[in-house]
Number of protein chains: 2
Amino acid sequence: MSPLLASPRQRAATRRSASPRTAGYSVDVVLLTVLDGQLAAALVRAEGRPGERLRERWTLPWEPGAADEALADAAERVSRDVMGVGPHYLEQVGAFGDGKRHPGTAPLSVAFVALVPAGAVMPADTGGDFFPVNDLPALAPRQRAMIDAAVAHVQQRVGHAPVAFRLLPTTFTLSELQELYELLLDRRLHKASFRRSLQAARIVEPTDEWRSEGRGRPAQLFRYAPRRRRSAPRGIRFE
Amino acid sequence: MSPLLASPRQRAATRRSASPRTAGYSVDVVLLTVLDGQLAAALVRAEGRPGERLRERWTLPWEPGAADEALADAAERVSRDVMGVGPHYLEQVGAFGDGKRHPGTAPLSVAFVALVPAGAVMPADTGGDFFPVNDLPALAPRQRAMIDAAVAHVQQRVGHAPVAFRLLPTTFTLSELQELYELLLDRRLHKASFRRSLQAARIVEPTDEWRSEGRGRPAQLFRYAPRRRRSAPRGIRFE
DNA sequence: GCAATTATTCGCCCGATGATACCAAAGTCA
DNA sequence: TGACTTTGGTATCATCGGGCGAATAATTGC
């Protein structure tokens with residue numbers, strides 16, 4: 001079988017079956033995007049051994065861990081298998097293994113979170129789909145925990161990493177950006193303060209284009225273009 | 001051999017040798033304390049197989065991963081084997097496995113960070129010692145990476161978790177607390193501002209005791225006693 | 001007592017944040 | 001055409017928190 005002709009689904013299945021003896025851990029990816037104004041995670045069909053009865057129909061995309069490979073490389077490959085292209089953001093969330101089941105036999109799973117811009121489409125042959133994180137189908141407890149941790153991880157990183165910009169197209173309106181921040185942080189933000197802070201941080205620049213959304217004044221489009229080095233943190237937080 | 005008579009070192013050695021076939025991953029603990037005004041990590045003597053030549057003499061305390069156990073339980077046991085008592089703080093840092101060596105044969109290590117109050121002593125039979133994180137002996141690259149990540153993790157958590165208070169005795173002066181924050185954050189803090197924020201957060205309370213350090217006015221002793229629920233975060237950070 | 005040292009607090013200033021209101025540019029509808 | 005609505009973008013003001021220097025307090029050593 002030529003690798004050039006193999007579909008992502010076939011590649012993934014081949015790699016999985018090539019390791020009948022589990023390496024001791026799996027690499028699982030929580031692939032997040034924005035769908036219909038909600039955070040959504042990619043799930044694929046659970047593939048059990050012939051004759052095995054699965055209690056769950058869906059699972060996070062994953063791969064058995066390889067001894068001689070960097071974890072991030074495996075996670076990137078898993079993401080590529082699902083979406084056809086590499087993720088715009090990839091970060092490790094942590095290791096999960098507290099006695100809960102996994103679709104594979106791995107006692108330990110290393111979770112990654114990957115971000116895909118809103119509007120990206122999953123190739124049909126992937127056999128997967130996006131589900132809102134607030135309305136997930138039945139999942140193994142460990143996988144549910146990994147999704148929850150991935151969302152919490154993104155929420156904590158949103159102020160220190162360009163998380164939001166990886167979930168948006170290359171150009172966007174400031175209202176879209178603010179709505180995304182409100183979605184991620186789960187709280188309302190003040191419009192004037194949001195734009196003031198954004199301007200002070202100098203991480204977006206305006207383009208020459210405007211977008212008219214039907215009613216109301218057209219909005220100027222911006223792009224992510226950080227021009228400022230990180231300012232030293234000020235003050236102390238006790239929480 | 002009765003478990004009641006076994007020293008921590010013997011218990012750890014027994015457990016390690018009980019898994020000749022590696023479980024696929026290890027649980028490593030970065031045990032931090034404050035020693036001579038510096039952050040210090042606990043290291044133990046590296047134990048190789050007979051005849052095997054070790055390039056490093058020291059290693060992080062660790063254990064092979066067990067399939068049927070929670071990761072945090074293993075990390076707590078490792079900490080207890082080193083210090084004799086459980087840690088005052090324990091949190092997972094992440095999984096490390098990017099092709100670097102480990103004293104065991106595990107291709108993957110799950111790192112935890114544990115905090116021990118300044119002044120705590122390591123039992124003599126542990127065979128370990130504390131080393132300043134800025135002046136570590138030769139270590140395997142993966143272990144060095146885990147220590148660096150653990151320190152960075154603590155620095156990021158210091159404003160959101162009672163990290164500093166787990167590195168201090170139960171009572172302390174405000175100057176000691178500020179010096180610890182300056183050590184952790186690696187920057188100077190203004191005394192009046194520090195105390196003002198501390199009072200606003202309502203996480204310490206004064207005791208009836210004062211401590212005289214020789215010269216100068218005696219300092220009042222405080223204890224950690226959070227009385228305030230977390231205030232909702234304000235504003236936006238773009239960094 | 002007086003200087004030195006350390007602890008604790010006060011007052012001033014500035015920047016960030018939030019509330020409210022205002023202006024601008026488009027569509028809708030009579 | 002002209003009011004009204006809708007959405008984008010800005011201005012003004014009050015408030016709050018934090019940075020800064022200085023004043024005050026309590027002890028040791030001379």
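Just so we're clear, the structure is a prediction, and the values are computed from it rather than from any experiment. In what follows, chains are A, B, ... by sequence order, proteins preceding strands, each numbered from 1.
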> Which parts of residues 171-191 of chain A get close to DNA chain D, meaning a heavy atom less than 4.0 angstrom away?
Replying inline: Ser175(A), Lys191(A)

> What residues in residues 200-217 of chain B put a non-hydrogen atom under 4.0 Å from any atom of DNA chain D?
Replying inline: Gly214(B), Arg215(B), Gly216(B), Arg217(B)

> NA contact type, Ala219(A), heavy-atom cut-off 4.0 Å: base, sugar-phosphate, or nothing?
Replying inline: sugar-phosphate

> Would Ser26(B) and Glu63(B) count as having a side-chain donor-acceptor pair, cut-off 3.5 Å?
Replying inline: no

> Should the pair Arg187(A)-Glu182(A) be classified as a salt bridge under the 4.0 Å nitrogen-to-oxygen rule?
Replying inline: no

>> With a 6.0 Å cut-off (strictly less than), is the heavy-atom count around CD of Gln199(B), excluding the residue itself, greater than 12?
In response: no

>> Between Ser231(B) and Glu239(A), is the side-chain hydrogen bond (donor to acceptor under 3.5 Å, both in side chains) condition met? List the steps.
In response: CA-CA 8 Å; Ser231(B) 61; Glu239(A) 291 167 10; 4.6 Å; no

>> Quick one: does any side-chain atom of Gln178(A) pair with a main-chain N or O of Leu189(A) as donor and acceptor, under 3.5 Å?
In response: yes

> Is there a donor-acceptor contact under 3.5 Å from the side chain of Thr126(B) to the main chain of Met122(B)?
Replying inline: no

> For the residue pair Ala40(B) and Leu35(B), what are the closest heavy atoms and their distance?
Replying inline: CB-CB, 4.0 Å

>> Ignoring hydrogens, what is the shortest heavy-atom contact between Leu71(B) and Ala95(A)? Give both atom names and the distance.
In response: CD1-O, 3.7 Å

> Mind checking which nucleotides bracket the chain A contacts on DNA chain C, 5' to 3', with an atom under 4.0 Å from a heavy atom?
Replying inline: dT17(C) to dG27(C)

>> Check for me whether the distance between the ring centres of Phe165(B) and Phe238(A) falls short of 6.0 Å.
In response: no

> On DNA chain C, nearest-nucleotide positions of Gly235(B) versus Arg195(B): which is more 5'?
Replying inline: Arg195(B)

> 5'-most contact on DNA chain C: Gln199(B) or Ser193(A), nearest heavy atom basis?
Replying inline: Gln199(B)

> Who pairs with Tyr89(A) by ring pair (Phe, Tyr, Trp, His ring centres under 6.0 Å), at least two apart in sequence or on another chain?
Replying inline: none

>> Assess the residue pair Thr59(A) and Val44(A) against the criterion (side chain to side chain contact (heavy atoms under 4.5 Å, CB included)); give the C-alpha distance rounded to whole Å, side-chain angles, the decisive distance to 0.1 Å, and a yes or no.
In response: CA-CA 5 Å; Thr59(A) 176; Val44(A) 298; 3.7 Å; yes

> Does anyone know the first and last nucleotide of DNA chain D in reach of chain A, 5' to 3', at under 4.0 angstrom to a heavy atom?
Replying inline: dT6(D) to dG19(D)

>> Are the side chains of Arg57(A) and Pro137(A) in contact, using a 4.5 Å heavy-atom criterion?
In response: no

Anything under 3.5 Å between a donor and an acceptor, one on a side chain of residues 208-222 of chain A, the other on a protein residue two or more places apart or in another chain? List them.
unit_1, atom_1, unit_2, atom_2, d
Arg211(A), NH1, Glu176(A), OE1, 3.4
Arg211(A), NH1, Glu176(A), OE2, 2.5
Gln220(A), NE2, Thr207(A), O, 3.0

